[in-house]
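Everything below concerns the one structure shown next.
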Amino acid sequence: MSIIKDVFTVNRKTFFNPAGWIGASWISDQNKTYKAMLKFLFTKPVPLREETFDAAMKRLNLDEAELATGIRKYQHFALLFAFCGLLALFYGFYLLFRYHTFSGWLLSMAVTGLFLSQAYQYDFWAFQMQERTLGL
């Protein structure tokens with residue numbers, strides 16, 4: 001019975017409701033979501049555990065030979081990604097100057113950035129293993 005009553009109820013919001021017209025509650029919810037995302041981006045994550053490099057080696061059951069192999073693998077991965085990044089860079093300029101496609105060049109620059117960021121990540125991991133420190 002209350003639903004039928006609400007349909008026929010006339011109040012000031014029936015004819016004048018600017019907050020409803022612009023979607024104030026939706027805008028407020030979106031602003032809360034943006035605030036939560038920005039807070040997540042700019043707060044430093046708390047590490048799950050505090051340990052030294054030697055304690056991590058013991059926990060993962062690694063010896064010196066496996067550590068050296070890991071360093072070599074990560075350096076090879078870094079070189080592979082850097083080479084792929086250079087290929088994507090040159091291909092992007094090839095697209096730009098040969099076919100005059102700005103969108104192809106732009107996409108190639110994005111792929112180059114992804115390849116080079118992976119190269120940096122693997123090289124950084126190898127550097128941490130060489131220096132025998134965590135969280136540089």
Side-chain angles (χ1 to χ4, degrees):
M1 189 68 179
S2 131
I3 295 174
I4 295 172
K5 180 184 161 197
D6 290 341
V7 170
F8 292 110
T9 302
V10 177
N11 58 16
R12 77 168 176 84
K13 287 190 176 183
T14 303
F15 300 107
F16 187 73
N17 188 8
W21 298 338
I22 64 170
S25 62
W26 180 80
I27 292 172
S28 174
D29 292 341
Q30 288 299 310
N31 286 335
K32 288 176 187 174
T33 303
Y34 295 148
K35 182 180 177 184
M37 285 191 298
L38 288 173
K39 184 178 179 183
F40 174 74
L41 285 175
F42 292 109
T43 53
K44 187 176 180 182
V46 179
L48 297 175
R49 62 172 66 94
E50 292 286 333
E51 63 183 354
T52 63
F53 187 82
D54 294 328
M57 280 185 61
K58 285 181 185 176
R59 181 176 54 85
L60 297 171
N61 296 326
L62 295 175
D63 60 356
E64 294 299 324
E66 291 173 336
L67 184 66
T69 303
I71 291 170
R72 226 177 14 261
K73 281 183 184 179
Y74 282 169
Q75 287 173 341
H76 289 154
F77 284 145
L79 287 174
L80 175 70
F81 280 120
F83 180 72
C84 290
L86 285 175
L87 282 179
L89 179 74
F90 291 140
Y91 183 66
F93 281 106
Y94 171 75
L95 288 176
L96 183 65
F97 293 125
R98 175 75 170 111
Y99 296 106
H100 307 290
T101 58
F102 182 73
S103 59
W105 176 80
L106 198 60
L107 183 62
S108 178
M109 292 303 107
V111 170
T112 299
L114 291 174
F115 276 132
L116 293 180
S117 68
Q118 286 296 310
Y120 175 77
Q121 178 182 357
Y122 280 103
D123 189 55
F124 180 71
W125 288 346
F127 174 73
Q128 280 188 326
M129 288 194 292
Q130 279 179 341
E131 296 294 316
R132 303 180 72 85
T133 56
L134 297 174
L136 290 174

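Residue numbers start at 1 and run along the sequence shown. Computed from a predicted model, the values in this text were never measured in an experiment.
Nearest heavy atoms, A88 versus F115: CB-CD1, 4.3 Å. Closest of all the heavy-atom pairs between G92 and M109 is CA-CE, 4.4 Å. Across all non-hydrogen atoms, the minimal contact from A119 to A82 is CB-N, 3.7 Å.
The structure places CD of E51 at 10.5 Å from CG of D54, a figure rounded to the nearest 0.5 Å. One distance of note links CG of L79 with CG of D123; it measures 8.0 Å at 0.5 Å rounding. Between atom NE2 of residue H100 and atom CG of residue L96 there is a gap of 8.5 Å, rounded to the nearest 0.5 Å. With values rounded to the nearest 0.5 angstrom, T69 atom OG1 is found 10.0 Å from L62 atom CG. The distance from atom CG of L67 to atom CD of Q130, rounded to the nearest 0.5 Å, is 9.5 Å. Interatomic distance, S108 OG to W105 CH2, rounded to the nearest 0.5 Å: 9.0 Å.
Distance alone, capped at 3.5 Å, is enough to place a donor-acceptor pair between the T112 side chain and the L89 backbone. In this structure a side-chain-to-backbone donor-acceptor pair under 3.5 Å is present from T43 to K39.
The shortest side-chain heavy-atom distance between M57 and D63 does not fall under the 4.5 Å cut-off. For the pair L134/F53, a side-chain contact is recorded, criterion being any heavy-atom separation below 4.5 Å from C-beta on. In this structure the side chain of R59 reaches within 4.5 angstrom of the side chain of R49, judged on heavy atoms. No side-chain heavy atom of F102 sits less than 4.5 Å from a side-chain heavy atom of L107.
A salt bridge is defined here as a Lys NZ or Arg NE, NH1 or NH2 lying under 4.0 Å from an Asp or Glu carboxylate O, and E66 with R72 fails to meet this definition.
One hydrophobic cluster, built from ILVMFWY side chains closer than 4.5 Å, holds both F81 and F127. I71 and F124 end up in the same hydrophobic cluster when Ile, Leu, Val, Met, Phe, Trp and Tyr side chains are linked at under 4.5 Å. Residues Y34 and F42 do not share a hydrophobic cluster, clusters being chains of Ile/Leu/Val/Met/Phe/Trp/Tyr side chains in contact below 4.5 Å. There is no path of hydrophobic side-chain contacts, each under 4.5 Å, that joins V111 to Y91.
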**OP:** List the steps, then state whether side chain to side chain contact (heavy atoms under 4.5 Å, CB included) holds for T52 with R132.
**Re:** CA-CA 9 Å; T52 63; R132 303 180 72 85; over 6 Å; no
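No more than 12 heavy-atom neighbours from other residues, nucleotides or ligands sit within 6.0 angstrom of OH on Y120.
Ring geometry for Y99 against Y94 counts as perpendicular: the plane angle is over 60°, on a 0 to 90° scale with 30° as the lower cut.
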